[in-house]
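Notes follow the structure.
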Amino acid sequence: MWATAVVQGGRSAWKGPFFVAFPNLKHALENNIAIKTQARACTILPNFIGIRFLVHNGKDYIPVTVTQDMVGHKLGEFAITRKRFTYKQTKNK
Amino acid sequence: MHILGVLLPENQLVKHALTHFYGIGNKTALRLCARVQIHDRARVRNLNQSQVTALTAFLSSPANSPPVAAHALAGPDYVPPPLSQPAPQAEVAQPVDRLRDIKIESDLRRQMRENIAHQRMIGSYVGRRHAMHLPVRGQNTQSNARTARKLNRVERYN
């Protein structure tokens, strides 16, 4: 019943969404350069659409292309941090 | 008694019986009773025809239900007009009516499926975990995770 609380994700309204101001946003959009970032907690804003990001997952930088539907989510949601376990026959290979 | 295909047990209080609807809990049921003017202690078997009609009409389309009349509150210095004159009608802003925004049964299930499908389509972590039938919010998976294995699907049924 309390839709606004869900939309804001528990964050107070006067703060607005948390985001990181990338200085090279326009340059990246025009030249199709990927922005390398570790700001996984950054909310995807409407002006990020079409930009390619390289989001850190703790080890590597995972390519993420922002689309219209991703607005409102966080960058980190699209760069998974866990590797699925796969059994290897020998340990020292 | 059946309302919109949901069986409401005859001997239960209406406020408890209404929680048989998927999407209506105790809080919403109480507000719903207040809205269609059913007493707190009324039981399902004591409902009359007009009350059942009112409940059915509201639950079939909550968004299209008639808005509640907004009445101005009297201030401490309010002096009522004499009985011979009609009371002046004050302009009151329509309050936010959250009860009209509720979704129940198949509407709510469809909304949930759409939300999961949205997560899956954009490829977020939540969507991936749903597709793998694993817990979504960081719960342990070494043991248990039974509920997630049962429920977490892209095409979720409840």
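Only this structure's heavy atoms are used, side chains among them; waters, hydrogens and symmetry mates stay out. Keep in mind it's a predicted model, so treat the numbers as computed, not measured. All chains are named by letter (A, B, ...) in the order of the sequence lines, taking the proteins before the strands, and each is independently numbered beginning at 1.
- Residue Q85(B) qualifies as enclosed at atom CD: its count of foreign heavy atoms under 6.0 Å is above 12.
- Follow the hydrophobic side-chain contacts under 4.5 Å out from L54(A) and you never reach I44(A); the two are in separate clusters.
- Grouping the Ile, Leu, Val, Met, Phe, Trp and Tyr side chains by contacts below 4.5 angstrom, directly or via other members, places F19(A) with V55(A).
- Distance check: R82(A) CZ to R128(B) CZ gives 13.0 Å after rounding to the nearest 0.5 Å.
- Within a 6.0 Å radius of NE2 in H27(A), no more than 12 heavy atoms belonging to other residues, nucleotides or ligands are found.
- The number of heavy-atom neighbours closer than 6.0 Å to CG of D60(A), taken from other residues, nucleotides and ligands shown, is above 12.
- Contacts with chain A (heavy atom to heavy atom, under 4.5 Å) involve these residues of residues 118-125 of chain B, listed by number: H118(B), Q119(B), M121(B), I122(B), G123(B), S124(B), Y125(B).
- By the rule that hydrophobic residues join a cluster once side-chain heavy atoms approach within less than 4.5 Å of another member, V44(B) and L4(B) end up as members of one cluster.
- When the side chains of ILVMFWY residues are joined at heavy-atom separations under 4.5 Å, either directly or via intervening members, L13(B) and L30(B) end up in two distinct hydrophobic clusters.
- If you chain together hydrophobic residues whose side chains sit under 4.5 Å apart, I102(B) and V68(B) never meet in one group.
- Using a 4.5 Å cut-off between non-hydrogen atoms, the part of residues 62-72 of chain A that approaches chain B consists of D69(A), M70(A).
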